[in-house]
Protein chains: 2
Amino acid sequence: MTATKGDTRTRLLDTALGLFTVHGVEGTSLQMIADALGVTKAAVYYHFKTKDEITEAVAEPALRELSAILDHAATLKRHSAQVDYVIDGLVDLIVRNRMLVAVFCSDPGIARAVERSLHGEENVMTRLPAMLVPPDADEGAVVAAHVALAGVALAGGSPALMAMDDERLRRHLGDAVRRLLGRPRRRENLS
Amino acid sequence: MTATKGDTRTRLLDTALGLFTVHGVEGTSLQMIADALGVTKAAVYYHFKTKDEITEAVAEPALRELSAILDHAATLKRHSAQVDYVIDGLVDLIVRNRMLVAVFCSDPGIARAVERSLHGEENVMTRLPAMLVPPDADEGAVVAAHVALAGVALAGGSPALMAMDDERLRRHLGDAVRRLLGRPRRRENLS
DNA sequence: GTCTATACAACGATAGAC
DNA sequence: GTCTATCGTTGTATAGAC
């Protein structure tokens, strides 16, 4: 909203994300952000009332995208189509934001941000697993879904896999999730 | 070593773990630990030179156990036997330390501790995935192993699965990892 | 050896002047 | 919208009492 009002605010978020990826959220002080922007700590506080608000704002676009994926999946009729859509969307989202995911997965601040996530709706982190398991799923399937979600997020940001290019990582992660959920693998056109 | 020397030191670690599980590592100050023990901040500082040293010491027993599992697995001849042993041991270790895993997975301090992990040996976090994939594994298998490890650790500490009893969680997590690695499931005697 | 007292720089955060 | 000044608290550090 408010159209093109954010200039310094946008610069601030870009700078913060850059510093976060280098030093981590905890390792980045408001002073560092202010110095990098050429302003004072108090100037930063004008745009954001708290440090948590900054990390929240940095992560928001990705979370909003995830929420949109879930919303659209919910409109699909067949459950298998829903699962396919969510898997593809989630994997793509993670791969596209690798560094961001890597930084935020190992930081308690982002966990807080996700908990009271977007627009007060029901939490994204509870909608996700619920969407991946069929309505009549047994306990094992629920655990498998949690392993798949946690694993794909953390592995996607893993330093050991940073060298792999997006396309290959996307395919491998998708395969892993589908195997875990006991679903047939689709579109095996390449390789 | 040094036999039964640690009284306050042990109490301190117990207290710290308790506070960590409630407020998180970052949310627990040395002051809180000192107050809970009825001593001064400086007294805490006598036993540990830094806060990182405390989190490291709290996590050390579990990391040492994990290292022992890898050491013993390395002595087994068949690769499949190694994988089976590591999976069972890792899953059991995680389930037994659920809260600890949950707390430490979302904290950058523990990541630092794990990095320069135990006794200067080669890192546990690099030995683990290497042990799970066969020597001639393709790229997809490597990614799957990372997903399995990250997923089982994070899912094991997930609040959504806290209600599940140890035995069932252990079985489901083991099944998930084996399915992800494309291995046949063993000992399906119960259920 | 174990602790208290005290101090310090840096942190997140606030109030108010320009 | 940005500043200076200041607050309380944090992690870290030293000196010295018992």
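When reading the values below, keep in mind they use all heavy atoms of this one structure, side chains included, and skip hydrogens, waters and symmetry mates. The chains referred to below are lettered A, B, ... by the order of the sequence lines, with proteins before strands, and numbering in each begins at 1.
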Below the 4.0 Å mark, does D/dT2 have OP1 or OP2 next to a side-chain nitrogen or oxygen of A/Tyr46? no
For B/Asp165, salt bridge (charged side-chain N to carboxylate O under 4.0 Å, His left out) partners two or more places apart: B/Arg168
Side chain of A/Asn97, backbone of A/Leu93: donor and acceptor closer than 3.5 Å? yes
Answer yes or no: does a side-chain N or O of B/Thr40 lie under 4.0 Å from OP1 or OP2 of C/dC3? no
Spatial distance of atom OG1 (B/Thr8) from atom CG (B/Leu13) [nearest 0.5 Å]: 10.0 Å
Phosphate OP1/OP2 of D/dT9 contacted by B/Ser29 side-chain N/O (<4.0 Å): no
Testing C/dC3, C/dC11, D/dT10 for proximity to the side chain of A/Lys41, the answer is C/dC11
Between A/Val25 and A/Ala42, whichever has its closest DNA chain C nucleotide further toward 5' is A/Val25
From NE2 of B/His23 across to P of D/dT9 the rounded distance in Å is 16 Å
Any B/Tyr45 side-chain N or O less than 4.0 Å from OP1/OP2 of D/dA13: yes
Taking only side-chain N and O atoms of B/His47, does any of them lie within less than 4.0 angstrom of OP1 or OP2 on C/dC3? yes
dist A/Asp175:CG -> A/Arg170:CZ (nearest 0.5 Å) comes out at 13.0 Å
Is there a side-chain polar atom (N or O) of B/Thr8 under 4.0 Å from OP1 or OP2 of C/dC3? yes
Starting at atom CG of B/Leu37, determine the distance to atom C1' of C/dT2, rounded to an integer number of angstrom. 13 Å
Write down the distance between CD1 (B/Ile33) and P (D/dT10), rounded to a whole number of angstrom. 11 Å
Nearest whole angstrom, please: distance from the C1' of C/dG12 to the CD of A/Glu26. 13 Å
Just call it for A/Leu30: base, sugar-phosphate, or nothing, with non-hydrogen atoms closer than 4.0 Å on any strand. sugar-phosphate
